Undergrad: 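Here it is, the structure in full.
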Number of protein chains: 2
Amino acid sequence: MNSFSLLMAQKDFHSITTAEIAKTAEVTEGLIYKYFKDKKDLLYQILNEHFFEFQAKIENRIANEKTCVEQLEVIIFSSLESYAANRIFSKILLLEVRNSLDFFESGAYEMVRKYTRTILKIIEKGIETGELKPETNPHILWKVILGAIEHACLGEIIFGREFDIDEVATGIANIVFNGAKA
Amino acid sequence: MNSFSLLMAQKDFHSITTAEIAKTAEVTEGLIYKYFKDKKDLLYQILNEHFFEFQAKIENRIANEKTCVEQLEVIIFSSLESYAANRIFSKILLLEVRNSLDFFESGAYEMVRKYTRTILKIIEKGIETGELKPETNPHILWKVILGAIEHACLGEIIFGREFDIDEVATGIANIVFNGAKA
DNA sequence: CCAATAGGGTAAGTAACACTTACTCACAAT
DNA sequence: ATTGTGAGTAAGTGTTACTTACCCTATTGG
């Protein structure tokens, strides 16, 4: 998994050969298949590991915030921070796993779903307490937030461009919570 | 290209073999390589064709709207409509081409960039005329809108789930322009 | 009128790759 | 002493994207 991550920093999934992984890890190709079902499984396992850490960190931070808006702001900031700090994880999650249906049956995806449910609950609570507009559709709000986060990172991941996390996070939060219209 | 599109409706890019494409098109494998540089090029060409139509349609509709907000609303609605109506195109654009750097040097990507520039201009004009808040960062606003659109379609594309275009479009526009905070 | 050219098309390859098989070795538990 | 097990390997195999060398037909220019 370490060797594969190392190679993922240099090129994309399909350009990496099993021979190359084996050589970098200083084992033989056959051994890979004792630990992983196939090449994709190796990818999913890496994602799983990172996602676990990511989720634990975020849930800790959320617990420190009281209002729904503050919690969502923490999510926006922390997500951007995690994506920016861990390019390989981001690359796998945003660009490599989604095109195969296998992923959506993997354990890694189960974590994504659990995470989504947590956030939907925050939004629903915000609507209940009157913090958010009553006509808000929680699923759509979540899509707007997540979509913005992921799109903000795409340039960084694909072209290696850097961005100001604080600026982007407050920018997204401002639009989503206060609206862009004057 | 027709045969490939047909196959793309059933499975993902890497599960489709050149032999299969050739058989469906009732030609031999070799002929594919007289018309396309490689398998990826075939993918990009399909994207190119659809994107051209998509862009022409949207630019027509934009011309009919006066205010910046109305124009952006048209973009949101039309994008969702196009994605929903053309699953194969969406699948290619949102899931299959992005993981390879080749795409970002292709003609198809040049069209995406041109499209983005058009929209940025609309947003900038909206800030100038005072329709949008002066502190709005155009790039971030565009990322929020595009991210929301793309995320809204992902479920449809990946799982074949259907959604109410009108509801999602007005939902996104409401959040982005008026904000979710009460 | 016919020869040259070129484009549409094919059959039979080839190299590289993901993955498998059948095996060895070390060592711990019964 | 024997058996089982987990780590590891060497040498495959089938499939796949892509290539090569060729054929056939139709237009076009001298």
Side-chain angles (χ1 to χ4, degrees), chain A residues 1-49 88-89 91-93 95-109, chain B residues 1-50 88-89 91-109:
Chain A
M1 282 165 73
N2 284 339
S3 301
F4 192 80
S5 292
L6 219 72
L7 290 166
M8 275 293 286
Q10 295 158 37
K11 37 183 152 179
D12 59 291
F13 181 67
H14 277 96
S15 312
I16 298 169
T17 66
T18 48
E20 219 170 353
I21 301 163
K23 200 182 161 192
T24 312
E26 290 177 314
V27 291
T28 51
E29 260 182 276
L31 191 59
I32 295 169
Y33 293 89
K34 287 277 160 86
Y35 290 87
F36 304 98
K37 197 177 140 275
D38 51 27
K39 214 178 122 190
K40 270 182 198 162
D41 185 39
L42 176 49
L43 197 71
Y44 300 159
Q45 297 287 343
I46 295 172
L47 192 64
N48 223 344
E49 214 178 44
I88 290 127
F89 161 66
K91 205 172 156 187
I92 296 174
L93 181 60
L95 300 174
E96 303 285 2
V97 297
R98 294 182 182 181
N99 50 29
S100 168
L101 277 171
D102 298 7
F103 170 64
F104 300 95
E105 285 153 15
S106 74
Y109 182 64
Chain B
M1 282 166 73
N2 285 338
S3 302
F4 191 78
S5 292
L6 219 74
L7 291 165
M8 275 293 286
Q10 296 158 36
K11 38 182 149 178
D12 59 290
F13 181 67
H14 278 97
S15 313
I16 298 169
T17 66
T18 48
E20 219 171 351
I21 301 163
K23 201 182 162 193
T24 313
E26 290 177 313
V27 290
T28 50
E29 261 183 276
L31 191 60
I32 296 170
Y33 293 90
K34 287 275 161 87
Y35 291 87
F36 303 98
K37 197 177 139 275
D38 52 26
K39 215 179 121 190
K40 270 182 197 163
D41 185 40
L42 177 50
L43 197 70
Y44 300 159
Q45 297 287 346
I46 295 173
L47 192 64
N48 224 342
E49 214 178 44
H50 284 264
I88 289 126
F89 162 66
K91 205 172 155 187
I92 295 174
L93 181 61
L94 303 184
L95 301 174
E96 303 284 4
V97 296
R98 294 181 182 183
N99 50 30
S100 167
L101 278 171
D102 299 6
F103 169 65
F104 299 96
E105 285 151 17
S106 74
Y109 182 64

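Note that this is a predicted model, so its numbers are computed, not measured. Below, read A as the first sequence line, B as the second, and so on, with proteins coming before strands; counting in each chain starts at 1. These numbers come from the heavy atoms of this one structure, side chains and all, not from hydrogens, waters or symmetry mates.
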Undergrad: How is T17(A) classified with respect to the nucleic acid when contacts are heavy atoms under 4.0 Å: base, sugar-phosphate, or nothing?
TA: sugar-phosphate
Undergrad: Nearest whole Å is fine: how far is dC19(C) P from K39(A) NZ?
TA: 8 Å
Undergrad: Could you state the atom-to-atom distance from CG of L7(B) to P of dT16(D) in whole Å?
TA: 13 Å
Undergrad: Classify I21(A) by what it touches in the nucleic acid, base, sugar-phosphate, or nothing, heavy-atom distance under 4.0 Å.
TA: nothing
Undergrad: Does any part of the side chain of Y35(B), heavy atoms only, come nearer than 4.5 Å to the side chain of D41(B), both counted from C-beta?
TA: no
Undergrad: CD1 of I32(A) versus P of dA10(D): gap in Å, rounded?
TA: 14 Å
Undergrad: Which part of the nucleic acid does I16(A) contact within heavy-atom distance under 4.0 Å: base, sugar-phosphate only, or nothing?
TA: sugar-phosphate
Undergrad: Please give, in whole Å, the distance from dA7(D) P to Y33(A) OH?
TA: 18 Å
Undergrad: Here's a test of your reading of the structure: between V27(B) and A19(A), which maps to the more 5' nucleotide of DNA chain C?
TA: V27(B)
Undergrad: Between atom CD in E26(B) and atom P in dT10(C), what is the gap in whole Å?
TA: 10 Å
Undergrad: Mind checking whether F13(B) and K39(B) have side chains closer than 4.5 Å, heavy atoms only?
TA: yes
Undergrad: Starting at atom CG of D102(B), determine the distance to atom C1' of dA17(D), rounded to an integer number of angstrom.
TA: 14 Å
Undergrad: Rounded to the nearest angstrom, tell me the gap between atom NZ in K40(B) and atom P in dT16(D).
TA: 18 Å
Undergrad: Can you identify which nucleotide, out of dC17(C), dG8(D), dG8(C), has its nearest atom closest to the Y35(A) side chain?
TA: dG8(D)
Undergrad: I'd like to know if K34(B) reaches the base of dG7(C) with its side chain, counting only an N/O donor and acceptor under 3.5 Å.
TA: no
Undergrad: Please give, in whole Å, the distance from dT16(D) C1' to D38(B) CG?
TA: 14 Å
Undergrad: Are the side chain of K91(B) and the backbone N or O of K11(B) linked by a donor-acceptor pair below 3.5 Å?
TA: yes
Undergrad: Which heavy atom of L93(A) sits nearest a heavy atom of R98(A), and at what distance?
TA: O-NE, 3.2 Å
Undergrad: Is the side chain of Y44(B) donor-acceptor paired with the backbone N or O of G107(B) at a distance under 3.5 Å, no angle test?
TA: no
